[in-house]
Student: 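One structure follows; several queries about it will come next.
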Amino acid sequence: MNGRVAVVTGGTGAIGTEICKHLGAAGARVVAVCLPGTPDCVPDAWEAARQRDGYQMKVYGCDLADFEQTAAVFARIEQDIGPVDILVNAAGITRDATLRKMTPDQWRAVIAANLDSVYSTTRCVFGGMMDRGFGRIINISSVNGQKGQFGQANYAASKAGIHGFTMSIAREGARKGVTANTVSPGYIESPMIMAVPEEHRAKIMAEIPVGRFGRPEEIGRVVAFLAAEESGFITGADISVNGGQHMG
Ligand code: CAA
């Protein structure tokens with residue numbers, strides 16, 4: 001990936017950090033984007049930790065639910081670091097509730113953070129990638145976007161929407177060297193999973209043939225594989241990484 005510029009949204013989270021490290025190890029210049037004011041978004045500490053890992057990575061704060069703000073941050077990244085070659089959309093939130101209780105705010109917050117953000121970031125970089133003849137878009141969806149989940153109508157809708165988006169832009173970018181793929185993690189060890197009440201988590205674990213939750217690095221390596229120069233014939237795919245929880 002010799003110096004390719006990679007932007008990872010949600011890049012300072014559990015899965016995002018592993019994605020950044022795998023792209024960095026493969027030779028990309030990596031930028032992480034996170035939402036200011038959230039527990040995962042502590043730029044100085046995160047940059048220092050990556051330095052201890054042997055990487056120079058910068059963090060930019062941005063509310064990806066806001067298109068204008070996103071466009072301004074991406075313009076700054078291009079100015080500071082260079083044109084974006086690899087975009088990984090890993091930012092995501094949950095606001096779990098059964099539909100009879102789900103408020104319009106819970107619905108809108110999840111669609112804005114998980115799906116509007118993917119439109120906004122990709123819109124910022126896609127034209128440039130096509131003009132330069134190279135690009136890799138990797139969108140992090142979820143097993144629950146593929147199969148649905150009790151209490152996650154908002155989240156599952158956003159994650160299923162991501163793959164429809166991916167397949168469409170895969171067609172638009174195909175002749176111009178720009179691939180777009182979805183990665184659908186299952187339940188991965190992270191604060192998001194730990195926020196699920198223990199009784200529900202135990203039931204979910206029982207549905208996973210491999211018998212454990214996934215590890216963030218197991219997503220990182222798939223993303224780095226898709227981002228590689230040599231992966232140009234993989235586009236419009238949805239790669240499941242879920243321990244066999246959902247097959248098909
Ligand atoms: N399956 C079937 N029934 C369930 C159920 C389930 N998973 N969970 C709750 N119920 C039932 C209860 O037994 C109860 O039934 P009765 O009314 O007959 O007693 C009823 O539903 C309760 O309904 P409520 O609306 O009151 O539900 P609640 O408020 O107690 O809980 C919830 C709803 C918060 C969504 C809870 O079910 C939950 O946390 N579920 C887990 C959701 C989940 O898996 N989230 C994943 C987060 S991680 C992630 O998203 C990452 C990724 O990509 C994989």
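No hydrogens, no waters, no symmetry mates; every other heavy atom, side chains included, goes into these values. By convention here, the first residue in the shown sequence is residue 1. Note that ligands are numbered from 1 as they come in the structure, with each ligand's atoms numbered from 1 the same way.
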Student: Would you mind listing every disulfide (SG to SG under 2.5 Å) that reaches into residues 28-58, with sequence neighbours excluded?
Tutor: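 Listed once each, the pairs are C34-C41.
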Student: Under the rule for side chain to side chain contact (heavy atoms under 4.5 Å, CB included), what residues qualify as partners of N2, not counting sequence neighbours?
Tutor: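 For N2 there are no side chain to side chain contact (heavy atoms under 4.5 Å, CB included) partners, ignoring immediate neighbours.
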Student: I'd like the residue list for ligand 1, meaning every protein residue with a non-hydrogen atom under 4.0 Å from the ligand.
Tutor: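 The 4.0 Å shell around ligand 1 contains T94, D96, T98, K101, S142, N144, Q149, F150, G151, Q152, Y155, G186, Y187, M192, I193, V196, P197, H200, I204.
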Student: Would you find more than 12 non-hydrogen atoms of other residues, nucleotides or ligands less than 6.0 Å from K147 atom NZ?
Tutor: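 Enclosed: over 12 neighbouring heavy atoms sit under 6.0 Å from NZ of K147.
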Student: How long is the span from the CD1 atom in I188 to the CD1 atom in I193, to the nearest 0.5 Å?
Tutor: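 Those atoms lie 7.5 Å apart.
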Student: Can you name the closest pair of heavy atoms from T235 and A180 and give their distance?
Tutor: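 Minimum heavy-atom separation between T235 and A180: OG1-N, 3.0 Å.
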Student: Return the set of residues passing side chain to side chain contact (heavy atoms under 4.5 Å, CB included) with S117 (not counting sequence neighbours), or none when no residue passes.
Tutor: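 Result, side chain to side chain contact (heavy atoms under 4.5 Å, CB included) vs S117: L64.
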